[in-house]
Amino acid sequence: MTIYRQIHDIVTASIDEAVASGDLTLSAAAPTFVVEPPREAAHGDLATNAAMVLAKAAGKAPRAIADILKPKLEKHALISGVEIAGPGFINLRLHPQIWQNEIREILNADTHYGDSTIGKDTKVIVEYVSVNPTGPMHAGHVRGAVIGDALVRLLRKAGYDVTGEYYFNDAGAQVDVLARTAFLRYREALGEDIGEIPAGLYPGDYLKEVGSDLAKRDGDKWRGKDEAEWLAPIRQFAVDAMMKMIRSDLDLIGIHHDVFTNEREMIENGTLEKVFKILEDKGLIYTGTLPPPKGKEMEDWEPVPLTLFRSSQFGDSTDRALKKRDGYWAYIMPDIAYHYDKMRRGFTLMINVLGADHSGYLERMRPAVAAISDNNARLEVIFNSIVKVFKNGEPVKLSKRSGNLITLREMVEQVGASAVRFFMLTRDPKSPLDFDFAKVVEQTRDNPVFYVQYAYARCSSVLRHASEIFTPEELTNEALSKISLDAISTEEELLLVKGMANWSRIVEAAALAQEPHRIAFYLVELAGLFHGLWNKGNDNAALRFIIADDKGLTLARLALINSVRVVLRSGFAIMGCKPLEELRSDTSVAA
RNA sequence: GCACCCGUAGCUCAACUGGAUAGAGCAUCUGACUACGAAUCAGAAGGCUAGGAGUUCGAAUCUCUUCGGGUGCACCA
């Protein structure tokens with residue numbers, strides 16, 4: 001149990017006690033209150049707003065309620081001081097042993113430290129990347145990929161039952177274009193001069209290999225044949241090749257989805273008809289005419305009766321067409337069917353990570369999910385804004401046409417997977433992000449990636465030195481968790497421990513908010529606490545971690561060091577970054 | 001026209017989802033290396049949280065509104 005929860009229980013008990021003794025009368029159930037670290041360290045170790053939120057139900061001023069609770073809290077063994085401050089905050093001071101024990105907790109739990117169970121009854125699917133299989137992953141895809149993967153890891157740590165999924169569209173017009181380009185490359189591989197790739201097809205060289213592989217497999221079997229004959233098999237071949245390429249790109253940054261789902265299979269096995277029938281049975285389908293689109297010049301628009309879904313009953317601004325005028329499915333239908341499939345598989349929380357250019361998606365899909373699940377499943381979308389790429393301080397234009405598109409591979413090769421991942425998580429997904437190649441590898445305070453890695457490397461450095469004095473057996477987490485930690489008592493040391501004790505709260509808050517970037521901010525903060533403590537040792541040799549003539553003190557401080565390493569590793573694990581033991585000038589920040 | 005997102009120190013961003021005196025880094029100014037790695041640390045200065053109104057014990061956060069920026073708004077995929 002975390003310290004916060006222990007204290008929360010104690011406060012609850014003191015409220016109950018006050019009610020039982022008649023000191024406090026509540027006209028309603030006690031509302032939820034929080035126990036959290038105060039903004040100002042001078043206010044104590046923990047603070048609660050309990051007295052303030054009780055004010056209404058108790059019909060008393062917050063400070064008066066605090067006065068009633070204060071003596072009851074003071075009696076408690078864990079609490080060394082109680083102060084009432086400001087509008088009615090109750091500030092608590094805890095005995096140092098609490099924090100010393102927290103170090104033991106960390107050492108014992110190892111990277112499971114901070115694990116939570118808040119998600120244990122929720123089956124959640126995170127759909128991310130989902131890039132169409134028409135080319136390699138490029139810079140524009142990386143942010144969403146990293147956010148999605150970090151979210152999967154974060155939710156798992158918070159106890160959710162998580163599936164990370166990739167959904168690819170292998171049934172639309174784009175993959176036909178892919179197939180035609182592949183066919184051209186195939187003819188090229190057979191020795192034909194195909195000239196320039198015509199506009200509208202995919203110009204990239206990556207399809208040359210697909211063409212030659214196809215020639216290798218099938219010989220000249222398709223040459224001179226009608227498109228009707230070769231389109232389907234070559235499309236399949238090309239899509240498989242693209243997915244293979246994308247998966248190896250994703251592997252470069254450590255991303256491995258649990259499930260890959262494709263659109264074609266869903267269309268072919270009749271899911272769309274089935275879902276349509278379900279909506280029809282619910283009375284949500286009718287034939288009608290949509291108003292003309294607003295804000296766009298539509299010269300060829302004319303009112304046409306279409307098969308519509310009553311999505312406005314579920315909060316949409318308009319009903320949506322499910323069939324085109326030619327009677328074939330509208331593009332939204334496979335999406336609805338896909339989300340039906342997610343529901344059928346038992347997911348009650350569906351999170352999609354999408355680029356900000358899909359902002360209209362949520363308005364359309366939420367009603368559909370509500371309708372097919374009878375409001376039992378919730379759809380959330382994390383929109384991530386564009387990443388502006390800079391090289392040598394100059395913005396790099398990303399365009400498929402001009403061919404100067406920066407690939408994921410290029411990014412990873414230049415700065416390393418860990419640095420790419422960490423950097424992508426140093427901002428709220430909604431804000432635009434500048435990715436400057438020079439900045440990401442810069443070894444200064446200004447670069448959060450470096451700053452956190454440096455803290456970890458410093459910890460490791462101390463342990464390397466310590467291993468000259470102590471045996472490996474003396475330095476295991478298990479051994480260190482058993483020694484006396486009374487010596488961990490300076491303000492800076494305790495501040496660091498308090499920072500680490502926050503880890504579980506950060507994990508829970510970040511998971512509930514579905515905001516993995518908070519982990520990055522936390523790590524930077526924790527690294528700062530550590531660097532601060534380290535420098536005390538520069539000012540005063542008695543505060544260094546290794547004190548040659550005091551083995552007991554040194555071991556206690558090594559326990560602290562090890563616990564810092566544990567928490568940093570635990571955080572890195574969610575970020576998907578590899579901690580570095582050493583950062584020599586001849587090695588990169590990147591891992 | 002409508003919807004969604006954003007607007008916080010000169011710059012880049014936080015603020016634990018309604019809490020106390022709004023915090024960090026960069027840049028500016030002061031200080032700390034016979035190095036458990038100073039690639040760091042300590043300090044100073046910097047704010048009408050875009051403007052206005054409301055909700056309540058309490059607002060950067062919630063509501064309304066004005067302004068400014070981004071994205072999207074088809075039977076396309």
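Throughout, protein chains are lettered first and strands after them, A, B, ... in sequence-line order, and every chain is numbered starting at 1. On a predicted model such as this, the values are computed, not experimentally measured, just so you know.
With both pairing distances under 3.5 Å, A24(B) is matched to U12(B) as a Watson-Crick or G-U wobble pair. Using the Watson-Crick or G-U wobble rule with both distances under 3.5 Å, U61(B) pairs with nothing in any strand shown. With a 3.5 Å ceiling on both atom-pair distances, the Watson-Crick or G-U wobble partner of G7(B) is C67(B). C73(B): Watson-Crick or G-U partner is G1(B), with both key distances under 3.5 Å. When both distances must be under 3.5 Å, the Watson-Crick or G-U wobble mate of C48(B) does not exist. A42(B) and U30(B) make up a base pair, with Watson-Crick or G-U wobble contacts both under 3.5 Å.
Atom CZ of Arg557(A) is separated from atom P of C36(B) by 14 Å (rounded to the nearest Å). Straight-line distance from the OH atom of Tyr361(A) to the C1' atom of G72(B): 15 Å, rounded to whole Å. Residue Asn540(A) contributes atom CG, which lies 13 Å from atom C1' of A32(B) at whole-angstrom precision. Following rounding to the nearest Å, His531(A) (NE2) and U40(B) (P) show an atom-to-atom distance of 7 Å. Distance CG (Asp357(A)) to P (C76(B)): 18 Å, rounded to an integer number of Å.
Within the 4.0 angstrom heavy-atom criterion, no nucleotide atom of any strand lies near Ser317(A). Across all strands shown, Asp428(A) has heavy atoms under 4.0 Å from sugar-phosphate atoms exclusively, and none from any base. Gly86(A) comes within contact range of no nucleotide atom at all, as no heavy-atom separation falls under 4.0 Å. Residue Ala47(A) is classed as a base contact, given a heavy-atom separation below 4.0 Å to a base. Contact annotation for Leu306(A): base contact, defined as any heavy-atom pair under 4.0 Å involving a base atom. Within the 4.0 angstrom heavy-atom criterion, no nucleotide atom of any strand lies near Val34(A). Within 4.0 Å of Asn169(A), counting heavy atoms only, lie sugar-phosphate atoms of the nucleic acid but no base atom. Across all strands, Arg505(A) comes closer than 4.0 Å to base atoms (heavy-atom distances). Backbone-only engagement by Leu290(A) is indicated by non-hydrogen atom pairs under 4.0 Å involving sugar-phosphate atoms exclusively. Across all strands shown, Phe89(A) has heavy atoms under 4.0 Å from base atoms, whether or not it also approaches the sugar-phosphate. Within the 4.0 angstrom heavy-atom criterion, base atoms lie near Ala85(A). Residue Pro448(A) is classed as having no contact, given no heavy-atom separation below 4.0 Å to the nucleic acid. Across all strands shown, Pro334(A) has no heavy atoms under 4.0 Å from either base or sugar-phosphate atoms.
Out of C16(B), C41(B), C75(B), the shortest distance to the side chain of Arg518(A) is found at C16(B). For Val53(A), the side-chain atoms get nearest to G19(B) when compared with the rest of A32(B), A24(B), G19(B). Distances were taken from every side-chain heavy atom of Val304(A) (C-beta onward) to each of C76(B), C75(B), C16(B); the shortest belongs to C75(B). Set against A38(B), C5(B), C41(B), the side chain of Lys430(A) has C5(B) as its closest nucleotide. Comparing atom distances between the Lys324(A) side chain and each of A77(B), C36(B), C16(B) picks out A77(B) as nearest. Listed nucleotides: U40(B), C75(B), U71(B). Nearest to the side chain of Ser359(A): U71(B).
Judged by a 6.0 Å distance limit and a 45° cone about the ring axis, Arg458(A) is not positioned over the six-membered ring of Phe530(A). Under the 6.0 Å distance and 45° angle rule, Lys323(A) counts as a cation-pi partner of Trp329(A).
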### Task
Show the numbers, then the answer: is there a side-chain hydrogen bond (donor to acceptor under 3.5 Å, both in side chains) between Glu263(A) and Asn169(A)?
CA-CA 5 Å; Glu263(A) 180 176 2; Asn169(A) 182 338; 3.1 Å; yes
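When the P atom is compared between G25(B) and A45(B), the two are found 14 Å apart, to the nearest whole Å. Nucleotides C36(B) and G31(B) are separated by 24 Å at their P atoms, to the nearest Å. Taking the C1' atoms as reference points, A59(B) lies 10 Å from G19(B), given to the whole Å. Comparing the same atom, P, in U28(B) and in C11(B) gives a spacing of 16 Å after rounding to whole Å. U63(B) and U21(B) have their P atoms separated by 24 Å, given to the nearest Å.
Classification of the His531(A)-Tyr451(A) ring pair by plane angle, with boundaries at 30° and 60°, yields tilted. Taking the six-membered ring where the residue is Trp, His138(A) and His141(A) present tilted rings, their angle falling between 30° and 60°.
Side-chain N/O atoms of Glu508(A) and Ser116(A) include a donor and acceptor closer than 3.5 Å. Tyr361(A) and Asp335(A) share no donor-acceptor pair across their side chains, judged by distance under 3.5 Å alone.
Side-chain atoms of Asn535(A) come within donor-acceptor range of the base of U40(B), with a qualifying N/O pair under 3.5 Å. The base of C36(B) has none of its N or O atoms less than 3.5 Å from a complementary donor or acceptor on the side chain of Arg544(A). Between the side chain of Arg427(A) and the base of C13(B), no donor-acceptor pair under 3.5 Å is found.
Between Phe435(A) and Phe437(A), the distance separating the two ring centers is shorter than 6.0 angstrom.
Toward the 5' end of RNA chain B, the nearer of the two residues Ser431(A) and Thr48(A), judged by each one's closest nucleotide, is Ser431(A). A residue-by-residue look at Ile90(A) and Ala513(A) shows that Ala513(A) has its nearest nucleotide of RNA chain B further toward the 5' end.
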